[in-house]
Amino acid sequence: MQVSASGSMSTVSNDDNLVLSSEDSSSPDEFELELGLGLSLGSGVAKARHQALRSQYARILTAKDFPSVVSSASSSSLSSSSSSSSSSSSSSSLSRANVTAGTKRSADSVAVANGASQVVGWPPIRAYRMNSLVNHAKSPATEAFHSGEEENRCIRKADNGDGKKNGNPNDKGHVRSSLFVKVNMDGIPIGRKVDLTAHKSYEALARTLENMFNEPTTLVKLRLSGKDGPSRLLDGSSEFVLTYEDKDGDWMLVGDVPWGNRNYLCCYRTG
Amino acid sequence: MKEAKRKKEAAGTFPDEVLERVVGMIKSHKDRSAASLVCKDWFNAERWSRARVFIGNCYSVSPEIVTRRFPNIRSVTLKGKPRFSDFNLVPPNWGADVHAWLAAFADKYPFLEELRLKRMTVSDESLEFLASYFPNFRAISLLSCDGFSTDGIAAIATHCKNLVELDIQENDVEDRSGSWLSCFPENFTSLEILNFANLNSEVNFDCLERLVSRCKSFKVLKVNKSINLEQLQKLISHAPQLVELGSGTFTQELTANQHSELENAFSNCKNLHTLSGLWEAKALYLPVLYPACTNLTFLNLSYAALGSGEFASLLVHCPRLRRLWVLDTVEDKGLEAVGSHCPLLEELRVFPYDPFDQEIIHGVTESGFLAVSYGCRRLHYVLFFCRQMTNAAVATIVKNCPDFTHFRLCIMDPGQPDYLTNEPMDEAFGAVVKTCTQLQRLAVSGLLTDLTFEYIGKYAKNLETLSVAFAGSSDWGMQCVLNGCPKLRKLEIRDCPFGNVALLSGLEKYESMRSLWMSACNVTMNGCRLLAREMPRLNVEVIKEEGSEDSQANKVYVYRSVAGPRRDAPPFVLTL
């Protein structure tokens, strides 16, 4: 059971640069995207963000990741959040002495969500391997279950950043693997999985979700045209909202970016 | 009487050249060390005849001392940072820069041929220096190093005319481009070992293909994921004599023709004993490997997320496997297959695919481990990441496989008890040390009290390396280990309730050890100062961090040294 942050969050916006939390690894070279789709009512967003933070902890922090304002809370027992590389050079805005890796100081309440706090350097897997795991195409993606009060449906996706790393386009005839994302709905402990590549439009996705969860849904902003006509998820006639969570932990409304746009995912990178 | 004695002495004296020749044949470092202690003649014979030197802690000795003692070194292995730096526990710019060593070597060992570095900081300038000042340079291997980019590698490729080995393992390297591969001159033919598996940038395939075809003695080729199956097929057709192969990305839409060409290429690889890479390997393509697997002794699937089905099918074809690295995506069912098909297995490493997935149990459990132990009685090395374990299972496992020399068990949730009985995991590790008398290396995890360490101190008489995290109840635990393990060389501890009493109980011990690491324990600056004062031949270093209390010594690194305190310590490393 997770504690939700109260109050509305101003994170539902199109500007991804708004929020730069210390968990972000903002190295421009890395292409590591965590994308989550979620249904949210207003207050659900806050909770979703909270959950997003939790999932973002699933990366390893190196000293290079911390901006100069290091809150000991965030650095300490929790995250492990990874800079995805190898490609980060030693020049960094982080002051060298400002490393807090490994210190255990204040217990952060977020960290102990569900009892398992994630610590720097644990489990003991070499940083290189950890980075490549994080960037690995996850298929099937891990499932998470969120129980909570708000009606909230989150889809998380770990992107296969391999082909896009260092600007090398992946055009060698690699078979594009399925992009399974996990879909969770608050109040239901067991999540589902959806293959994004199997859908050709938001409509199709929304339809699938509706069928899966058997719940009518709504989208505040309707910006789609699908062959099959708008789903209730998208046309505003349901009590649910389809949103997604990008890497920064911001909750965005689905539909702003064309479905087929290859750079769909890139839009949500900082910078 | 006198005559007999004189005859005996005469018979015992060899001319120097002969003694040197004989001692020169001793390869093992330990044996050489022993030989050097016999007498002055032997000491000299040993130092003159030695061609390879292994330095386990670059700060334990200085370049000057090494080059003075050993005049004829051709091969150097250097290890730098404490092992926990692999897990980001050591701040950047800590040290272990190789450059000072290279400068000394350029002067004293201009005929240096090989350099193997682990956890050292290596700059591009250093690599350029290496490439320029050592005309006989033949082999470089870098593991867990940092500070360099692909430009440095390019310098090596460009200038080292006699290069035989370029082995870039897992490093923190700035991967700017793959153009370094194109730097090998067209008339360059000496390469035998090339490993760039852990560099991600795309290389020029034509260059690579030409390189592989003109270097007739290629033995080891490990490419990166930018190489696809079609390209792989071409490469291995040029080098069917390969002994070790690391594939690129193992998935691609192939025509039937391409598929059979790939199969043929693999069937022609009769000498393959090591296989790795296999990124994104799919069940569909694995069968092309089968004909090449007959003599396989080492299979590294730690970057290939296979499921139990395709994994089992592959294993059927690998009856001679001795070393296996996998991801836990193969699950217990996959490990059962290991037990069934790999009776000769000696080493198993199971890595977690998704280490942070807390909510639902994935991966491997104690049953998989058990299954392996029933089928693979020769198992002596294990590294096992899991989310649950029981004391009973471990006891059975070591009963089945009493020959463990390396037992590294990582229950990923810190401080987790036996999930069936809810008891601490003390008895598990007790069983390990009691049963496995040859145990050299141990890593413990789970909920552990001081009892675990009592067991270790009492039974682990051959233990050399111990890694402890989130364990123990009091100083007593660490004391047991320090007092009980006569062969202990490396002790690394994090997040344990061991304080000054424990630290100081090992006063005499530390000089017989390579190093001690303690982080996030209860050690204070005063305790460290006391240690430093009492033991002047130890370097007692504290890594200071902002935001930590002044009196606490949050990260302590203690090691013996004949070189005195570090002269290159950064400001955050305090030598006491």
Side-chain angles (χ1 to χ4, degrees), chain A residues 29 55 57-64 70 72 75-76 80 85-90 92 95-105 114-130 132-133 136-139 142-145 160 162 165-166 168 172-175 177, chain B residues 84 86-89 91-93 144 146-147 149 170-177 198 200-202 225-226 228 230 249 251-253 280 282 302-303 305 351-360 362 385 410 412-414 443 467 469 494-495 519-520 544-548 554-555 570-572:
Chain A
D29 286 333
S55 75
Y57 290 149
R59 293 177 302 166
I60 307 170
L61 270 173
T62 65
K64 300 168 193 170
V70 175
S72 55
S75 63
S76 70
S80 291
S85 259
S86 25
S87 58
S88 328
S89 74
S90 35
S92 141
S95 111
R96 293 272 163 235
N98 214 4
V99 174
T100 52
T103 52
K104 51 165 192 196
R105 297 291 178 234
N114 281 2
S117 64
Q118 289 171 4
V119 261
V120 174
W122 190 264
I125 298 170
R126 204 171 260 148
Y128 178 91
R129 179 178 289 281
M130 203 66 107
S132 55
L133 285 178
H136 207 276
K138 287 187 182 182
S139 143
T142 52
E143 309 203 48
F145 56 110
N160 171 9
D162 292 350
K165 211 168 212 168
N166 294 323
N168 279 334
K172 289 267 208 67
H174 287 227
V175 170
S177 32
Chain B
F84 278 177
D86 281 351
F87 318 127
N88 300 324
L89 290 186
N93 296 339
S144 268
D146 71 320
S149 78
E170 298 171 340
N171 295 288
D172 184 6
V173 51
E174 186 184 340
D175 194 347
R176 290 182 186 155
S177 86
N198 297 309
N200 291 326
S201 290
E202 195 178 330
K225 42 178 126 157
S226 75
N228 64 25
E230 196 186 334
T249 301
T251 181
Q252 183 187 0
E253 295 213 0
E280 297 178 43
K282 297 273 189 292
S302 63
Y303 289 100
F351 297 94
Y353 179 66
D354 193 352
F356 299 107
D357 180 9
Q358 301 279 354
E359 287 102 346
I360 292 189
H362 281 313
F385 286 86
C410 182
M412 287 192 275
D413 200 5
S467 308
R494 62 166 291 181
D495 294 90
S519 61
K544 259 318 191 180
E545 290 165 336
E546 288 215 7
S548 65
N554 192 51
K555 287 183 182 169
F572 57 84

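Labels below follow one simple rule: chain letters A, B, ... track the order of the sequence lines, proteins then strands, and each chain is numbered from 1.
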Using heavy-atom distances under 4.5 Å, tell me whether [X] contacts chain A through its side chain, its backbone, both, or neither.
X       : answer
P352(B) : both
S177(B) : neither
F84(B)  : neither

* Asked: What are the two closest heavy atoms between M412(B) and W122(A), and how far apart are they?
  ->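 Closest approach of M412(B) to W122(A): O-NE1, 2.8 Å.
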Nearest heavy-atom neighbours spanning K225(B) and T249(B) |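 Closest pair (atom of K225(B), atom of T249(B), distance): O-OG1, 2.5 Å.
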Matching residue for S144(B) among D172(B), N171(B), D86(B) - test: side chain to side chain donor-acceptor pair (under 3.5 Å):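 Exactly one option meets the side chain to side chain donor-acceptor pair (under 3.5 Å) with S144(B), and it is D86(B).
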Donor-acceptor contact below 3.5 Å, side chain Q252(B) vs main chain E230(B)
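Yes; at least one donor-acceptor contact below 3.5 Å.
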